[in-house]
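Notes follow once the structure below has been shown.
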Amino acid sequence: MFKKLFGKKEKNQIKEEVLAAPATGKVVPLDQVPDPVFAEKMMGDGLAIDPSEGVIAAPADAEVLQVFPTKHAVGLKTATGAEILIHIGLETVSMNGEGFETHVSAGDKVKKGQKLVSFDLNLIREKAKSTITPIIVTNGDSFEELDKTSETQAVLGETNLITLKVK
């Protein structure tokens with residue numbers, strides 16, 4: 001009884017976190033992304049989506065760490081400490097924000113499914129290398145496992161894309 005009252009309390013720690021699809025579209029394995037930085041997992045592991053709509057939403061409840069000045073990428077940190085990079089399209093930095101509209105700022109707390117960035121898909125097709133959007137866990141070594149979906153199509157906020165198991 002005293003142990004229950006005065007004993008060390010265990011932290012209510014999250015053991016697993018599921019990242020939902022931040023976009024609707026075709027799921028693309030990272031090794032098929034036509035950019036070696038992502039394909040060779042230099043930034044970390046994850047998946048990519050070739051979006052069919054011009055909206056990126058939060059894959060989980062998180063804090064916005066960074067919105068790139070060119071609006072083509074967003075960095076998030078989730079409750080488990082997962083650091084997520086969502087990079088809209090390939091070689092889109094050269095668009096200097098043209099066709100992108102951000103809906104959040106660094107420091108914002110966002111809920112799963114909340115709109116982060118909207119963008120002109122046709123303009124990206126015209127001006128960038130690809131619309132493929134990598135979703136990268138940049139600190140994957142902090143997790144025991146990173147399980148990726150075998151689904152080939154993703155629906156924003158509905159498809160479970162990546163499951164992280166905390167060490």
Side-chain angles (χ1 to χ4, degrees), residues 16-78 80 82-104 108 110-140 143 145-164:
E16 185 176 279
E17 185 164 43
V18 177
L19 303 179
T24 296
K26 181 181 177 219
V27 177
V28 179
L30 273 191
D31 62 0
Q32 293 177 24
V33 172
D35 183 317
V37 171
F38 296 110
E40 295 172 19
K41 301 179 183 175
M42 292 179 206
M43 302 281 297
D45 202 356
L47 282 168
I49 295 177
D50 193 356
S52 58
E53 301 171 352
V55 175
I56 295 295
D61 293 357
E63 178 184 349
V64 178
L65 294 179
Q66 183 177 17
V67 177
F68 286 67
T70 49
K71 305 176 188 174
H72 75 288
V74 177
L76 304 169
K77 187 171 189 173
T78 69
T80 62
E83 294 177 0
I84 313 298
L85 171 68
I86 302 171
H87 190 285
I88 305 163
L90 301 176
E91 297 182 15
T92 47
V93 69
S94 62
M95 293 173 66
N96 290 317
E98 182 186 0
F100 295 89
E101 182 183 354
T102 56
H103 303 282
V104 293
D108 287 357
V110 294
K111 294 285 184 195
K112 175 183 165 186
Q114 183 177 336
K115 189 188 294 186
L116 303 175
V117 181
S118 49
F119 54 95
D120 184 332
L121 205 49
N122 290 326
L123 194 63
I124 291 174
R125 284 188 186 114
E126 182 187 316
K127 295 196 169 197
K129 181 177 181 179
S130 174
T131 58
I132 291 176
T133 299
I135 299 97
I136 307 295
V137 179
T138 59
N139 64 339
F143 296 87
E145 274 182 57
L146 188 148
D147 294 326
K148 298 175 257 185
T149 186
S150 57
E151 297 287 327
T152 57
Q153 292 291 320
V155 176
L156 186 151
E158 291 180 21
T159 306
N160 291 340
L161 207 61
I162 299 170
T163 302
L164 298 166

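If you're wondering where the values come from, they're calculated on a predicted model, not measured in any experiment.
Interatomic distance, Leu156 CG to Lys115 NZ, rounded to the nearest 0.5 Å: 10.0 Å. In this structure, Ile56 CD1 and Lys71 NZ are separated by 15.5 Å, a value rounded to the nearest 0.5 Å. In this structure, the separation between CD on Gln66 and CD on Glu83 is 11.0 Å, given to the nearest 0.5 Å.
Looking only at side-chain heavy atoms (C-beta outward), Leu90 and Pro34 come within less than 4.5 Å of each other. Between Met95 and His72 there is no side-chain heavy-atom pair separated by less than 4.5 Å. Residues Val137 and Leu19 are in side-chain contact: their nearest non-hydrogen atoms beyond the backbone lie under 4.5 Å apart. Between Ile86 and Pro59, the closest side-chain pair of non-hydrogen atoms falls below 4.5 Å. Side-chain contact between Ile136 and His87 is absent, with no heavy-atom pair separated by less than 4.5 Å. Side-chain contact between Ile49 and Leu161: present, with at least one pair of heavy atoms (C-beta onward) separated by less than 4.5 Å. In this structure, the side chains of Ile84 and Ile162 stay at 4.5 Å or more apart for every pair of heavy atoms.
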What's the verdict on side chain to side chain contact (heavy atoms under 4.5 Å, CB included) for Ile124 and Phe100, showing C-alpha distance, side-chain angles and the deciding distance? CA-CA 9 Å; Ile124 291 174; Phe100 295 89; 3.6 Å; yes

Assess whether side chain to side chain contact (heavy atoms under 4.5 Å, CB included) is satisfied between Phe143 and Thr80, documenting all intermediate values.
CA-CA 9 Å; Phe143 296 87; Thr80 62; 3.5 Å; yes

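When atom types are taken as modelled, the side chain of Gln114 and the backbone of Lys111 share a donor-acceptor pair closer than 3.5 angstrom. Although no hydrogens or angles enter the test, the distance criterion places no donor-acceptor pair under 3.5 Å between the side chain of Thr24 and the main chain of Glu53. Judged by distance alone, with hydrogens and angles left aside, the side-chain atoms of Asp108 form no donor-acceptor pair with the main-chain N or O of Val64 at under 3.5 Å. Side chain of Thr133 to main chain of Thr131: a donor-acceptor pair is present (N/O by atom type, distance under 3.5 Å, no hydrogens or angles). A donor-acceptor pair is defined here as one N or O able to donate and one able to accept, closer than 3.5 Å; no such pair exists between the side chain of Lys129 and the backbone of Asp35.
What you find for Leu30 and Pro134 is that their closest heavy atoms are CD2-CB, 4.4 Å. For the pair Ile132 and Ala48, the tightest heavy-atom approach, listed with the atom from each and the gap, is CG2-CB, 3.6 Å. The two residues Pro51 and Leu121 make their nearest non-hydrogen contact at O-CD2, 3.5 Å. Lys148 and Gly46 make their closest contact through CD-O, 3.1 Å (heavy atoms, listed as atom of the first residue, atom of the second, distance). In plain terms, the two heavy atoms of Ala23 and Val55 that are nearest each other are CB-O, 3.8 Å. Closest approach of Val104 and Val67 over heavy atoms only: O-CG2, 3.6 Å.
Remark: of the listed residues Leu85, Thr92, Thr102, Leu85 is the sole one forming a side-chain contact (heavy atoms from CB on, under 4.5 Å) with Phe68.
A ring-ring contact (aromatic ring centres under 6.0 Å, His included) check over residues 114-139, counting only residues at least two apart or in different chains, returns nothing.
A salt bridge does not link Lys112 with Asp61: none of the charged nitrogens is closer than 4.0 Å to a carboxylate oxygen.
For Ser94, the side-chain hydrogen bond (donor to acceptor under 3.5 Å, both in side chains) test picks out no residue, with sequence neighbours left out.
At most 12 non-hydrogen atoms from other residues, nucleotides or ligands lie less than 6.0 angstrom from NZ of Lys26.
For the residue pair Thr159 and Glu151, no side-chain donor N or O sits within less than 3.5 Å of a side-chain acceptor on the partner.
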